[in-house]
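Below: one structure, written as structure tokens.
So that the names make sense, note that chain A is the first sequence line, chain B the second, and so on, each numbered from 1.
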Amino acid sequence: MLQLNPQQRNAVTTTDRPLLVLAGAGSGKTRVITEKIAHLIEVREIPPRAIVAITFTNKAAREMRERIRGRLERNRARGLWVSTFHTFGLNFLRSELQASGLRGGFSVLDPSDCRQLLREITHRDGDPADTETLLGQISQWKNGLLAPERARAIATEPGEQHAARVYQRYEQALAAYNAVDFDDLIKRPVDMLSCEPQLRERWQNRIRHLLVDEYQDTNGAQYRLVQLLVGLNPGLTVVGDDDQSIYAWRGARPENLARLREDVPRLEIIKLEQNYRSTNRILAVANRLIANNPHLFEKRLWSALGEGEPIRVIRCTDAEAETARLVSELMRMRFRLRATWSDFAVLYRSNHQSRMFEKLLREQGIPYRLSGGQSFFERPEIRDLAAYLRLLVNPDDNPAFLRVINVPRREIGPSTLEKLGRHAHARGCSLLRAASGIGLAETLGARGQARLSRFADWAEEIRRQAADEAPERVLARLVEEIDYESWLLDNSPSPRAAGRRMDAVREFIDWVGRVSRTATGDSQALTLEDVVSRISLMDVLDRQRENSDEDAVQLLTLHTAKGLEFPHVFLVGFEEELLPHRVSLEEENVEEERRLAYVGLTRAQKTLTITWAAQRTRYGETTECLPSRFLDELPPEHLEWPDAKPPDPETQQLTARAHLAGLKAMLKSGT
DNA sequence: AATTATAACATTTTT
DNA sequence: TGTTATAATT
């Protein structure tokens with residue numbers, strides 16, 4: 001509390017009215033939230049179970065939990081809710097099961113399950129509509145809290161009409177499977193709270209303080225959820241920064257910050273403008289860039305950390321030269337500044353840009369860590385086993401059934417499954433239940449019937465045993481019984497690959513054990529049901545941290561870099577059509593790209609290096625590239641061209657031409 | 001049923 | 001240029 005600046009302290013101690021904290025990059029917003037929670041518990045003596053803190057990522061939630069735990073005396077935080085929006089929604093649904101209309105053990109389908117489901121729905125139609133577009137459209141409707149019937153009523157174009165019909169069938173399928181998707185974890189609680197005053201009252205009484213981080217990333221449904229949970233309660237704290245809104249394309253609505261001003265009476269607004277992260281030169285550059293965007297709120301970051309080094313801008317002839325230059329700079333700077341590898345981060349716009357860097361870093365023996373890529377829970381072997389667990393908890397989960405029915409081979413072919421599907425549909429039950437039922441023999445033939453019922457009986461047996469066993473044991477035995485190791489050996493390109501996949505399986509078993517033993521909050525050991533729901537939400541727990549100790553250069557996309565900071569940052573590929581990305585240019589979304597650049601610049605603590613390539617091979621074709629228009633928006637007095645390449649007239653002319661071309665494209669597509 | 005040929009495609013991605 | 005999904009073939 002002593003080390004807080006006046007604005008921060010003000011934010012912490014304002015507890016009698018709703019509060020909006022506009023927290024610039026690096027202004028210590030996480031500290032404000034954790035200090036405020038500590039203040040609420042210690043000084044105001046609010047019981048922890050009446051405080052809910054919401055973040056967007058599991059990682060952020062984990063960090064916050066740890067910081068609070070370190071800040072408070074032992075057990076003072078017991079009962080405190082710190083979770084993501086989605087985990088909160090999940091817990092809400094599970095504790096209000098009756099009102100939710102779901103049955104116990106309901107499944108949470110991840111996006112790839114949903115995609116699969118949509119494919120099935122549309123394929124039978126013969127309508128070759130783009131699954132990805134449908135997925136996006138449905139998600140948009142859900143985030144706008146529109147039920148399928150309403151969507152159908154509103155839809156005008158034939159394409160929309162079709163999408164709305166698909167939406168309706170998709171919802172029917174989810175209901176039949178006793179399943180929800182990610183968006184439902186927000187939408188359903190909102191629907192419930194809006195419709196049932198008693199329920200609403202109960203929750204509003206229960207939650208006395210709600211704190212929301214990264215508020216600019218909330219979508220319509222999340223905004224509504226916050227409102228319904230808070231009601232007229234003064235205990236609301238939201239923290240955000242409209243300049244760091246980079247998820248608008250996913251439905252985030254940064255204007256939710258401004259909207260609060262109109263919707264919440266007596267709202268107090270506090271700005272955090274002192275930056276504790278970067279040098280003033282870095283901030284000057286970032287401030288100037290973002291000044292080109294319209295603003296919901298004006299703010300100006302400053303820092304007490306001194307002037308710092310000029311920002312270096314390096315022109316490279318092509319992508320290879322850029323890679324080589326980066327690696328040589330890394331080695332030079334590490335030596336000269338006595339830095340460690342982990343002091344460096346390489347930031348880029350899109351994932352594929354990491355390739356070349358990876359290759360060269362590997363060759364040079366420089367350790368690196370790559371963000372993104374395939375996550376643990378997306379690996380096929382983990383998804384297989386997770387599907388088994390889901391089916392144990394929820395026998396109506398047809399997607400899970402279909403995933404595991406022939407893993408390992410059970411000789412149940414597509415035609416048998418087709419018949420089973422029809423039978424299940426006629427009886428109005430799930431595939432697994434239909435498989436165990438009688439009366440299939442006529443339509444199916446005796447062999448198919450026997451195989452199906454053997455599987456169903458086996459599943460039922462495992463399910464019975466799972467009731468009084470630790471989740472870890474259940475999974476371990478399952479892996480044994482289906483002889484998953486042999487299956488992996490048969491279905492992997494090499495024994496080595498099979499070994500790696502089996503390692504992942506063992507790690508998964510360990511993970512299940514760790515998760516179920518970790519008593520979160522005031523609960524005891526977790527049940528299989530708890531564990532299964534955590535898998536879908538990719539609640540990775542302490543997996544991540546093990547890696548972060550190692551000394552490695554970080555390769556990150558600009559999106560994943562948000563919220564992080566590094567002493568030395570390289571921002572690569574600073575080019576037209578790459579940083580203001582081509583698609584964004586076509587969609588006239590330059591502002592979000594500028595915010596993306598802003599996020600990149602403000603990750604740097606001490607030094608910042610921007611590189612761009614004059615030539616790049618794209619999809620096998622070599623094209624000329626121009627420096628990003630954002631480069632022209634940076635104050636030249638803080639920039640340095642180490643290769644004695646100040647903005648030569650030729651380049652500037654080219655840039656100007658590019659802008660003209662962009663303008664023309666905008667005019668063409670817009671009006 | 002499994003393997004191979006072909007064509008289409010190609011941002012960002014917290015949950 | 002690489003990947004990925006579908007089609008075509010064995």
Under 4.0 Å, heavy atoms only, any strand: does [X] hit a base, just the sugar-phosphate, or nothing?
X         : value
Asp217(A) : base
Glu593(A) : base
Arg349(A) : base
Ser584(A) : base
Phe85(A)  : nothing

Does the side chain of [X] get closer than 4.0 angstrom to OP1 or OP2 of [N] through an N or O atom?
X         : N       : result
Thr557(A) : dT13(B) : yes
Asn58(A)  : dT14(B) : no
Tyr619(A) : dT11(B) : yes

Side-chain-base donor-acceptor pair under 3.5 Å for Arg534(A) and dT15(B):
no

Could you give the distance separating dT3(C) and dT14(B) at their C1' atoms, to the nearest angstrom?
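Per the computed distance, 25 Å lies between those C1' atoms.
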
Indicate whether any N or O donor in one side chain lies under 3.5 Å from an N or O acceptor in the other, for Ser112(A) and Arg383(A).
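Present: a donor and an acceptor within the cut-off.
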
Partner residues of Glu577(A) under the salt bridge (Lys or Arg N to Asp or Glu O under 4.0 Å) criterion, sequence neighbours left out:
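In terms of salt bridge (Lys or Arg N to Asp or Glu O under 4.0 Å), with neighbours along the sequence ignored, Glu577(A) is linked to no residue.
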
At a heavy-atom distance below 4.0 Å, which nucleotide of DNA chain C is the first touched by chain A, and which is the last?
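Result: dT1(C) to dT3(C).
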
